[in-house]
Trainee: 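Encoded as structure tokens, here's the structure I'll be asking about.
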Amino acid sequence: MVYLSLLSSLGLISAAIALAPPLTVQDQFHTTFSDDVKVPVVLGVMSRCPDAILCESVFNRVLQRAGDKVDISLSFIARLNNSEPVYGVTCMHGQEECAGNVQELCAAKYHPTSEWWSFVQCQNFQGRDNIGTPETALKCAKTAGIDWGNSKAGQCAGEDGRGPEGIQLLQQSVKDSIAAGIQKSCTIIINGRQVCIRDGTWYDCEGGHTSADFIRQINAEYDRLNNAD
Ligand SMILES: *[C@@H]1O[C@H](CO)[C@@H](O)[C@H](O)[C@H]1NC(C)=O
């Protein structure tokens, strides 16, 4: 299941990304097909990790172009740790990162992709050190069209990112990541296959690491899943 490649590549995000027309994620989500099977895409991440933020910005472009073919989710990386009194897990970038993870998971549980994904993008735009704070969550919920104070997502996360339901979601997500063998933030998994890692640099990305490369791989999986000729 884990796809390892001897080829690795270094590089910057293609300049083409910056030149693409400004479609919004929302535009793509309005295009729906009735009975098609979406391609599962999982990003193994930590909310305050620079590599995760980069990965998510690449996937923002992917969703703008191919969002109607994708079922995206985040799988969080942390260490299970019974000695952690609040979260039961140790987040590599501190408890604020655990709070950010909880907020993103709760937004994703109760809101459609177009909304929770904008919530995550907004968090990322506030700067790493502001991810997970109550102020950022409120601001980004508003940006994403989520009424944090009165929503199930807000209740799930709690004011301080320590809501019991959110903590449960985080622990489950960490267990799922461990079970899936996800260790590096960011790990990109398309239809169950690990296709690329970004950890300081891009590696194990045989099919490439630009948004266009991921879209091409998603299109191929989509056609396979939907038996296109
Ligand atoms: C587990 O949590 C405790 C309490 O925060 C901490 O001191 C310890 O370093 C953690 N262990 C690991 C392996 O992260």
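Counting convention: from 1, in listed order, for ligands and their atoms alike.
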Trainee: Check side-chain contact (heavy atoms from CB on, under 4.5 Å) between Gln172 and all other residues, then give those that pass, not counting sequence neighbours.
Mentor: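 Expected list: Lys175, Asp176.
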Trainee: Under the side chain to side chain donor-acceptor pair (under 3.5 Å) rule, collect the residues that match up with Ser151, sequence neighbours excluded.
Mentor: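 Partners of Ser151 by the side chain to side chain donor-acceptor pair (under 3.5 Å) criterion come out as none, since no residue qualifies.
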Trainee: Could you pull out the closest heavy-atom pair between Cys106 and Ala157, with the gap in Å?
Mentor: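 It is SG-N, 3.3 Å.
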Trainee: If you measure SG to SG, does Cys186 sit under 2.5 Å from Cys49?
Mentor: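 No; the two sulfurs sit 2.5 Å or more apart.
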Trainee: Can you give me a line-by-line list of nitrogen or oxygen pairs between ligand 1 and the protein shorter than 3.5 Å?
Mentor:
{"unit_1": "ligand 1", "atom_1": "2 (O)", "unit_2": "Asn81", "atom_2": "OD1", "d": "3.4"}
{"unit_1": "ligand 1", "atom_1": "2 (O)", "unit_2": "Asn81", "atom_2": "ND2", "d": "2.4"}
{"unit_1": "ligand 1", "atom_1": "2 (O)", "unit_2": "Glu84", "atom_2": "OE2", "d": "3.3"}
{"unit_1": "ligand 1", "atom_1": "5 (O)", "unit_2": "Glu84", "atom_2": "OE1", "d": "3.3"}
{"unit_1": "ligand 1", "atom_1": "5 (O)", "unit_2": "Glu84", "atom_2": "OE2", "d": "3.2"}
{"unit_1": "ligand 1", "atom_1": "11 (N)", "unit_2": "Asn81", "atom_2": "ND2", "d": "2.9"}
{"unit_1": "ligand 1", "atom_1": "14 (O)", "unit_2": "Arg79", "atom_2": "NE", "d": "3.1"}
{"unit_1": "ligand 1", "atom_1": "14 (O)", "unit_2": "Arg79", "atom_2": "NH2", "d": "3.1"}
{"unit_1": "ligand 1", "atom_1": "14 (O)", "unit_2": "Thr90", "atom_2": "OG1", "d": "3.4"}

Trainee: Please list, chain by chain and in numerical order, all residues satisfying side-chain contact (heavy atoms from CB on, under 4.5 Å) with Gln183, sequence neighbours excluded.
Mentor: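 In terms of side-chain contact (heavy atoms from CB on, under 4.5 Å), with neighbours along the sequence ignored, Gln183 is linked to no residue.
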Trainee: Among Thr136, Asn130, Asp129, which one satisfies side-chain hydrogen bond (donor to acceptor under 3.5 Å, both in side chains) with Thr133?
Mentor: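 Of Thr136, Asn130, Asp129, side-chain hydrogen bond (donor to acceptor under 3.5 Å, both in side chains) with Thr133 is met by Thr136 alone.
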